[in-house]
Amino acid sequence: MLAGHRTWVFDRKPVIVSTGTVGGPFEANGMLSEDFDLLHADLWLAQDSYEDAHKVLFEEACQKAMEKGGIQKDHVQFLLGGDLINQITPTSFACRTLGAPYLGLFGACSTSMEGLALGAFIVNGKGADYLLTGASSHNAAVEKQFRYPTEYGGQKPPTAQWTVTGAGAALLSDQGEGPRVTSATIGRVVDMGMTDPFNMGGAMAPAAVDTIEAHFTDRNIDPSYYDLIVTGDLGKIGRDVSLDLFKKHGTPIQEEQYQDCGLMIYREGQPVLSGASGAGCSATVVYGHLLNRMRKGEFKRMLVAATGALLSPLSFQQGETIPCIAHAVSIEYGEDDTK
């Protein structure tokens, strides 16, 4: 199952049986509103804190995935998930309600594909019949922790990105119909010495390039194998940087083939500066919009490389640089894969 140095190729090709995606009011006004299963009219979600609202987002995404998959929570053997808040408490607290055996993950905004990679590994090894994996973020909760409370109205530079209020979850199984997870390349920590918490895209771009190029090398394929190669939330700045690096390295990725979830979710005119970010960004775009398109037959093969900045408020305050990571997962639908 190991191909090359850090890629798993799944011979059983675990199936994404169903997904659940939930968003907030800003996402309801975005480009992909029709691809969400549930949208909320305000950031509070009838809770007493933004952190509690964040917890509800993840609960609802998992519940939607189970409902659409036609199973009860007692049938889920494991749940893998995470978020950006201190000690991933929104996800952990949500799992009090969900009840499944739980593995908490922190990969920052790479958590969606970290969870999908590990979940597919477990299912592929017959470690579970049904497994849930997902990730979430909440704009007001995350901004309060990593930058400034939104109530302050602080001005941001054009390199900054807008944290998605949303959660996405996928139900995996070794049986059934649907898009299949065919391989996963695990990222390594890449730190280019950047320290600006308002330029996450620029910081994460080298990690995305490192993982994507390793995927091609390990699987002995070139970019043309995929109809779509999509990063998690590099935004405009990060996508431009990564395209420059691919060109410098001689990696033949076509610009129209290479997209970013952070540039898909919001409309032109929404004040998102360089684009979207947050652990819920790639989770909602992939598990909603992109898999919907795949099921419609618009494309058959995609590689998703979710990117994460592994900083904390404390590390930033102590003057540390920003280590970054990216995990890549290939998803295929509509044909047998022989590679």
- Query: Judged by atom type as modelled, is there a donor-acceptor pair below 3.5 Å linking the side chain of Asn292 to the main-chain atoms of Gly288?
  - Reply: yes
In terms of hydrophobic clustering (I, L, V, M, F, W, Y; side-chain heavy atoms under 4.5 Å; direct or indirect links), are Met204 and Val190 co-clustered? no
Please examine the side chains of Asp37 and Glu60, heavy atoms only from C-beta on, and report whether any two atoms are closer than 4.5 Å. no
>> I'd like to know if the side chain of Ser330 pairs up with that of Thr182 as donor and acceptor (distance under 3.5 Å, no hydrogens or angles considered).
In response: yes
Item to complete: Return yes if some donor-acceptor pair links the side-chain N/O of Gln77 with the main-chain N/O of Asp129 below 3.5 Å, else return no.
Response: yes
Side chains of Ile229 and Pro223: does their closest heavy-atom pair fall under 4.5 Å?
yes
For residues 99-131, the ring pair (Phe, Tyr, Trp, His ring centres under 6.0 Å) pairs (sequence neighbours left out) are Trp8-Phe121
Heavy-atom count check: over 12 atoms from other residues, nucleotides or ligands less than 6.0 Å from His75 NE2?
no
Next on the checklist: Within the structure provided, determine whether Asp227 and Lys300 are in side-chain contact (heavy-atom separation under 4.5 Å).
Outcome noted: yes
Contacts under 3.5 angstrom, residues 319-326 side chains, donor-acceptor by atom type, not counting sequence neighbours:
| residue | atom | partner | partner atom | Å |
| --- | --- | --- | --- | --- |
| Thr321 | OG1 | Asp191 | OD1 | 3.4 |
| Thr321 | OG1 | Asp191 | OD2 | 2.6 |

Donor-acceptor contact below 3.5 Å, side chain Thr284 vs main chain Thr21:
no
Side-chain contact test, heavy atoms from C-beta onward, threshold under 4.5 Å: evaluate it for Leu314 versus Gln318 and give yes or no. yes
Examine distances only and state if a side-chain atom of Arg239 and a backbone atom of Leu234 form a donor-acceptor pair shorter than 3.5 Å.
no
Side-chain heavy-atom pair Phe146, Pro313 within 4.5 angstrom cut-off: yes
Open item on the list: Are more than 12 heavy atoms, taken from residues, nucleotides or ligands other than Phe316, located less than 6.0 Å from that residue's CZ atom?
Closed with: no
Can any side-chain N or O of Thr163 pair as donor or acceptor with the backbone N or O of Gly278 at less than 3.5 Å? no
Review point. Just checking, Arg12 and Phe10: is the charged tip under 6.0 Å from the six-membered ring centre and within 45° of the axis?
Key: no
Next item on the list: Show the numbers, then the answer: is there a salt bridge (charged side-chain N to carboxylate O under 4.0 Å, His left out) between Lys126 and Asp174?
Entry: CA-CA 8 Å; Lys126 300 184 180 180; Asp174 65 350; over 6 Å; no
Mark yes when over 12 heavy atoms from residues, nucleotides or ligands other than Met194 sit less than 6.0 Å from its CE; otherwise mark no. yes
CD (Glu51) and CG (Asn86) are apart, to the nearest 0.5 Å, by 8.5 Å
Is there a donor-acceptor pair under 3.5 Å between the side chain of Gln161 and the backbone N or O of Ala276?
yes
Worksheet item: Is atom CG of Asp11 surrounded by more than 12 heavy atoms (other residues, nucleotides or ligands) closer than 6.0 Å?
Response: yes
Does one side chain, of Asp233 or Thr307, offer a donor that lies under 3.5 Å from an acceptor on the other?
yes
Note, Ser242 side chain near Tyr258 side chain (heavy atom, < 4.5 Å): yes
Review point. Crowded around Lys247 NZ? As in, over 12 foreign heavy atoms under 6.0 Å?
Key: no
CA sep, side-chain torsions, deciding dist, call: Val329, Leu303, side-chain contact (heavy atoms from CB on, under 4.5 Å) | CA-CA 6 Å; Val329 177; Leu303 180 68; 5.9 Å; no
Discussion item. What verdict does the side chain to side chain donor-acceptor pair (under 3.5 Å) test give for His54 and Ser136, after you've listed the backbone C-alpha separation in whole Å, the side-chain angles of each residue and the deciding distance to 0.1 Å?
Written reply: CA-CA 7 Å; His54 190 167; Ser136 59; 3.1 Å; yes
Apply the test salt bridge (charged side-chain N to carboxylate O under 4.0 Å, His left out) to residues Lys13 and Glu332: give CA-CA distance (whole Å), side-chain angles for both, the deciding distance (0.1 Å), then the verdict. CA-CA 9 Å; Lys13 301 175 185 175; Glu332 305 187 23; over 6 Å; no
### Query
Leu116 versus Tyr287: any side-chain heavy-atom pair under 4.5 Å?
yes
Paired with Thr7, the side-chain hydrogen bond (donor to acceptor under 3.5 Å, both in side chains) test is passed by just one of Thr217, Thr211, Thr185, namely Thr185
Does the side chain of Thr231 come under 3.5 Å of the side chain of Asp260 through a donor N or O and an acceptor N or O?
yes
- prompt: Any side-chain heavy-atom pair from Ile331 and Leu291 closer than 4.5 angstrom?
  reply: yes
- Item | Thr111 (side chain) donor-acceptor with Gly107 (main chain) under 3.5 angstrom | yes
Practice item. Answer yes or no: are there more than 12 heavy-atom neighbours, outside Met264 itself, under 6.0 Å from its atom CE? Key: yes
Got a donor-acceptor contact below 3.5 angstrom from the Asp218 side chain to the His5 backbone? yes
Could you tell me whether Asp240 and Lys236 have a side-chain N and a carboxylate O separated by less than 4.0 Å? yes
Tyr50 meets the ring-ring contact (aromatic ring centres under 6.0 Å, His included) criterion, sequence neighbours left out, with Trp44, His138
NZ (Lys64) and CG (Leu171) are apart, to the nearest 0.5 Å, by 15.0 Å
Next item on the list: Decide yes or no on ring pair (Phe, Tyr, Trp, His ring centres under 6.0 Å) for His215 and Tyr226, but give the supporting numbers first.
Entry: CA-CA 12 Å; His215 179 82; Tyr226 293 106; 5.7 Å; yes
**OP:** Ignoring hydrogens and angles, tell me if any N or O in the side chain of Thr19 forms a donor-acceptor pair with the backbone of Ala170 under 3.5 Å.
**Re:** no
Verify the cluster assignment for Trp162 and Met31: are they in a single hydrophobic cluster under the rule of side-chain heavy atoms below 4.5 Å apart? yes
- Message: Can you confirm whether or not the ring centre of Phe26 sits under 6.0 Å from the ring centre of Tyr266?
- Response: yes
| task | Give a yes or no answer on whether the side chain of Asp42 reaches the backbone of Leu45 with a donor-acceptor pair at less than 3.5 Å. | result | yes
